[in-house]
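For ligands, and for the atoms within them, numbers begin at 1 and follow the listed sequence.
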Amino acid sequence: MRVLVLSDIHANLTALEAVLDAAGPHDAVWCLGDLVGYGPDPNECVEQVRSLPELLCLIGNHDQAALDMIPLSRFNRDAGEVAAWTQQVLTEENKNFLHSLPSKIVFDRFTLVHGSPDQPVWEYILDPHTANRSFDVLKTEYCLVGHTHLPLIFHRLPEETITIIMPVEWGEAMPLTQQMILNPGSVGQPRDRDPRACYATLDLEANTWEMKRISYDISQVQLRIMEAGLPERQALRLMAGW
Ligand code: ZN
């Protein structure tokens with residue numbers, strides 16, 4: 001079974017469509033949260049994700065903000081402003097869908113969370129030290145995470161308590177070994193200074209993980225951000241991959 005792994009779409013329909021086109025057919029889709037926030041297309045993105053085959057989908061912190069489940073004071077000014085706008089424009093049906101999403105899914109060899117196994121919605125796994133603590137509480141071989149918008153692979157060395165960051169080989173199917181935390185990067189707002197959308201394919205039979213990038217027409221999204229009256233900085237950062 002080939003699984004398309006997506007995270008942090010952030011209401012960027014142009015990036016989502018580019019990823020779905022480039023990825024082609026998959027047997028299942030796992031989406032690691034933050035479907036909305038920052039971007040101008042929250043309803044369109046939720047509706048597109050809802051239509052994907054064999055979907056497993058998590059709730060992220062920006063999805064919770066759009067549902068008024070957490071105070072907007074926990075966000076920076078721009079993110080809070082877009083979250084307030086998203087609350088206004090999201091349809092009841094799409095809110096209900098987001099409300100139905102779990103914060104953690106554990107099955108077989110995988111744990112799926114937006115943030116970390118310890119704090120599924122809020123903790124950022126940015127460094128080997130935090131990843132190492134996550135391995136301590138992880139009850140499966142692998143953990144798929146999003147939230148940081150950074151494509152990252154952490155591996156805890158066998159028989160040890162040392163965690164390392166593994167280099168990303170774009171477009172190469174990497175064999176999975178035990179004890180890995182895998183972040184596919186962000187579809188709609190990459191933050192590694194490369195503006196192209198990120199996604200990954202997980203092959204459950206071959207036991208491989210492949211990370212990919214795809215260019216999309218950022219100017220279209222910038223235009224919609226400005227038309228919706230959202231903060232200009234959110235449009236500018238897309239071009240900078242930040
Ligand atoms: Zn996010």
**Request:** Please confirm whether Trp170 and Tyr199 have ring centers closer than 6.0 angstrom.
**Result:**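 No.
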
**Asked** Quick one: are the ring centres of Trp209 and Tyr142 less than 6.0 Å apart?
**Response**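 Between Trp209 and Tyr142, the centre distance exceeds or equals 6.0 Å.
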
**Request:** Hey, can you tell me if Tyr38 and His149 have their rings parallel, tilted or perpendicular (30° and 60° cut-offs)?
**Result:** perpendicular

**Item:** Atom of His114, atom of Ile59 and distance for their closest heavy-atom approach
**Value:**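 Where His114 meets Ile59 most closely, the heavy atoms are CB-O, 3.7 Å.
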
Solution key, residues 232-242 side-chain donor-acceptor pairs under 3.5 Å, sequence neighbours excluded:
| unit_1 | atom_1 | unit_2 | atom_2 | d |
| --- | --- | --- | --- | --- |
| Arg233 | NE | Asp78 | OD2 | 3.0 |
| Gln234 | OE1 | Arg237 | NH1 | 3.3 |
| Gln234 | NE2 | Asp78 | OD2 | 3.1 |
| Arg237 | NE | Trp242 | O | 2.6 |
| Arg237 | NH2 | Trp242 | O | 3.4 |

**Item:** Audit row: Arg224, Glu44, salt bridge (Lys or Arg N to Asp or Glu O under 4.0 Å) steps and yes/no
**Value:** CA-CA 13 Å; Arg224 292 198 299 277; Glu44 294 82 354; over 6 Å; no

**Asked** Protein N/O/S atoms under 2.8 Å of the Zn ion (ligand 1)?
**Response**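 You should have found Asp8 OD1, His10 NE2, Asp34 OD2, His149 NE2.
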
